[in-house]
Visitor: 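If you scroll down you'll find the structure; I have some questions about it.
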2 protein chains.
Amino acid sequence: MAKAAKQKTSGGPEKTTRIQEINRRLILDAALDVFSTYGFRGTTIDQIAEKAGMSKPNLLYYFPRKQNIYVTLLEETLTEWLAPLADIDPEGDPIEQLRKYITLKIKMSESHPEASRLFANEVLHGAPAISDFLAKHLKPLVDEKAVVIRRWVGEGKLAPVDPYHLIFMIWATTQHYADFDVQVRAIMGSQVGRPGFREQTAQAVLSIILNGIRPRD
Amino acid sequence: MAKAAKQKTSGGPEKTTRIQEINRRLILDAALDVFSTYGFRGTTIDQIAEKAGMSKPNLLYYFPRKQNIYVTLLEETLTEWLAPLADIDPEGDPIEQLRKYITLKIKMSESHPEASRLFANEVLHGAPAISDFLAKHLKPLVDEKAVVIRRWVGEGKLAPVDPYHLIFMIWATTQHYADFDVQVRAIMGSQVGRPGFREQTAQAVLSIILNGIRPRD
DNA sequence: CTGCATTTTGACCAACTAGTCAAGTTTTTG
DNA sequence: CAAAAACTTGACTAGTTGGTCAAAATGCAG
């Protein structure tokens, strides 16, 4: 849906010029910042344009509608966000695979909190722009991994646990540190900024979840 | 800060009339619905007024600013939301107390998802309207309970775990089902509506967290 | 260098929305 | 039952914002 720029030539396969490449990236980067802070309705095109260093009509030359920027950003973000889940190896050691996954998600939460917030905000408001995407890409992937986890449980390598709720729990806990950052800071204060904070977080989360699903005899 | 209505009389202690009581409640109930769905900026006063069954100027007679409704609602909500945490009994059995707390929070997530979303949205956007409230009410309460949990760990009644991260984890997992409802539905489909779903959720969450913090020998 | 396509922008518009106001209606009170 | 207080609202305003447009500036292929 997200076409490049107006094509005044015939309807052939649209090529992207060097300038288009640069400017679209500039716009998307600026928009991520603004959208993730103020939400879709709370963001003005002017804000994005200013942050991207161009005029509003120029921005609209690349993305004719505000909605276009938003959707492009969401799909881009979500794809990247999902990669670690896809990387879970069905043949690996369950605890090890999940440890890797959780660790990676916590890292992402720290390095790209805006992306997490952009997505959280969208889902919070009923995912009007990406419910199709969720159904088409998210659900199949989760279903696939749920089968793997269920097999692990069956083989006695994990305590009996519902795969879906386990995945939700991992998402919830890891993204919490990005999405609710302000609340975490309000409570833990200066600790949050300190060097080892991410490791401490990872340690706590891993300890509870992994012990929670380790097979018991 | 949220004064009742314009007082045309002298500056005495303002009394609330019967009509004021009714209409303020009507407005707040309507506003919770709309704000939680569309966010602060995404909500118009007209929307709230229509849902509350009154004209816009009349609504503004009770809450002179849109912001007033929003803040009142947030503080009301957060207070109620925090009660179960305050109820954790320092002298009770740790696992039992936490089981009760988690169960209650999952119930609240199901019965008042709008309240959860309203709050989540506010925090997500940096809590501009309630950061004071967080510092003044949330932090002290959490600090207080953290001491209790730390003592429980010291007494060997819980596995070594950071109290703050444990509390965050409980919040994250329980509120996830309200805040990310759309995503949960996109993945689990019709299961979500089914009768026993809340119990199944509670069971999964409790199983992982409680086993995760049960003392190991 | 020339001419066409692409890119850029100032000026503008229509729709929307928070909040005002003055004039009316209803409720309360003495 | 009157008069005052409380309540209600249609009509309006000022500010904002998504998007248009025509014309100017720039880039680029031959």
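Every chain is numbered from 1 and lettered A, B, ... according to where its sequence line falls, protein lines coming before strand lines. These numbers were taken from a predicted model, which means no experiment stands behind them.
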Visitor: Using a cut-off of less than 4.0 Å, is there contact between a side-chain N or O of Gln20(A) and OP1 or OP2 of dT7(C)?
Guide: yes

Visitor: In whole Å, I'd like the distance from the CZ atom of Arg24(A) to the C1' atom of dT6(C).
Guide: 15 Å

Visitor: Counting only side-chain nitrogens and oxygens, does Asn23(B) get under 4.0 Å of the OP1 or OP2 atom of dA6(D)?
Guide: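 Indeed not, no polar side-chain atom of Asn23(B) lies that close.
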
Visitor: Tell me which nucleotide among dT20(C), dC7(D), dT8(C) gets nearest to the side chain of Asn58(A).
Guide: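 From the listed options, dT8(C) comes nearest.
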
Visitor: Assign each of Arg41(B) and Leu59(A) to its nearest nucleotide of DNA chain C by heavy atoms, then name whichever residue's nucleotide is nearer the 5' end.
Guide: Leu59(A)

Visitor: Let's go through Val142(A) and Trp171(A) carefully: what are the C-alpha distance in whole Å and the side-chain angles of both, what is the deciding distance for side-chain contact (heavy atoms from CB on, under 4.5 Å) to 0.1 Å, and is it a yes or a no?
Guide: CA-CA 12 Å; Val142(A) 174; Trp171(A) 287 349; 3.7 Å; yes

Visitor: Ile19(B) side chain: which of dT17(C), dA6(D), dT27(C) is closest?
Guide: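 Nearest to the side-chain atoms of Ile19(B), counting from C-beta on, is dT27(C).
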
Visitor: What integer distance in Å separates Leu60(A):CG from dC21(D):C1'?
Guide: 12 Å

Visitor: Should we count CD of Glu75(A) as having more than 12 external heavy atoms under 6.0 Å?
Guide: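 Yes - once you tally the heavy atoms of other residues, nucleotides and ligands closer than 6.0 Å, there are more than 12.
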
Visitor: Nearest whole Å is fine: how far is dT7(C) P from Ile27(A) CD1?
Guide: 11 Å

Visitor: Any luck finding a side-chain donor-acceptor pair between Tyr62(B) and Asn68(B) under 3.5 Å?
Guide: no

Visitor: Whether the side chain of Lys56(A) and the base of dG18(D) hold a donor-acceptor pair under 3.5 Å is what I'd like checked.
Guide: yes

Visitor: What is the ring orientation for Phe180(A) with His176(A), classed by angle as parallel under 30°, tilted 30 to 60°, or perpendicular over 60°?
Guide: parallel

Visitor: To the nearest Å, how far apart are Leu26(B) CG and dT8(D) C1'?
Guide: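 The answer, rounded to whole Å, is 14 Å.
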
Visitor: What integer distance in Å separates Ile45(A):CD1 from dC12(C):P?
Guide: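 That distance rounds to 20 Å.
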
Visitor: Between dT17(C) atom P and Tyr38(B) atom OH, what is the distance in whole Å?
Guide: 12 Å

Visitor: Respond yes when some side-chain nitrogen or oxygen of Tyr61(A) is under 4.0 Å from OP1 or OP2 of dT8(C), and no when none is.
Guide: no

Visitor: Nearest whole Å is fine: how far is dG19(C) C1' from Gln47(B) CD?
Guide: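 Gln47(B) atom CD is separated from dG19(C) atom C1' by 17 Å.
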
Visitor: Please report, rounded to the nearest Å, how far the C1' atom of dA6(D) is from the CD1 atom of Ile22(B).
Guide: 14 Å

Visitor: Can you work out whether Arg18(B) or Lys66(B) has the more 5'-proximal nearest nucleotide on DNA chain C?
Guide: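 Whichever sits nearer the 5' end wins; that is Lys66(B).
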
Visitor: Reckon Ser55(B) touches a base, only the sugar-phosphate, or nothing at all at heavy-atom distances under 4.0 Å?
Guide: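 Base, at least one base heavy atom under 4.0 Å.
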
Visitor: Check this one for me: any side-chain N or O of Arg65(A) less than 4.0 Å away from OP1 or OP2 of dG19(D)?
Guide: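 For dG19(D), OP1/OP2 do have a side-chain N/O of Arg65(A) under 4.0 Å.
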
Visitor: State, to 0.1 Å, how close His125(A) and Thr37(B) come at their nearest heavy-atom pair, and which atoms those are.
Guide: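 Nearest pair, atom of His125(A) first, then Thr37(B): CG-O, 3.6 Å.
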
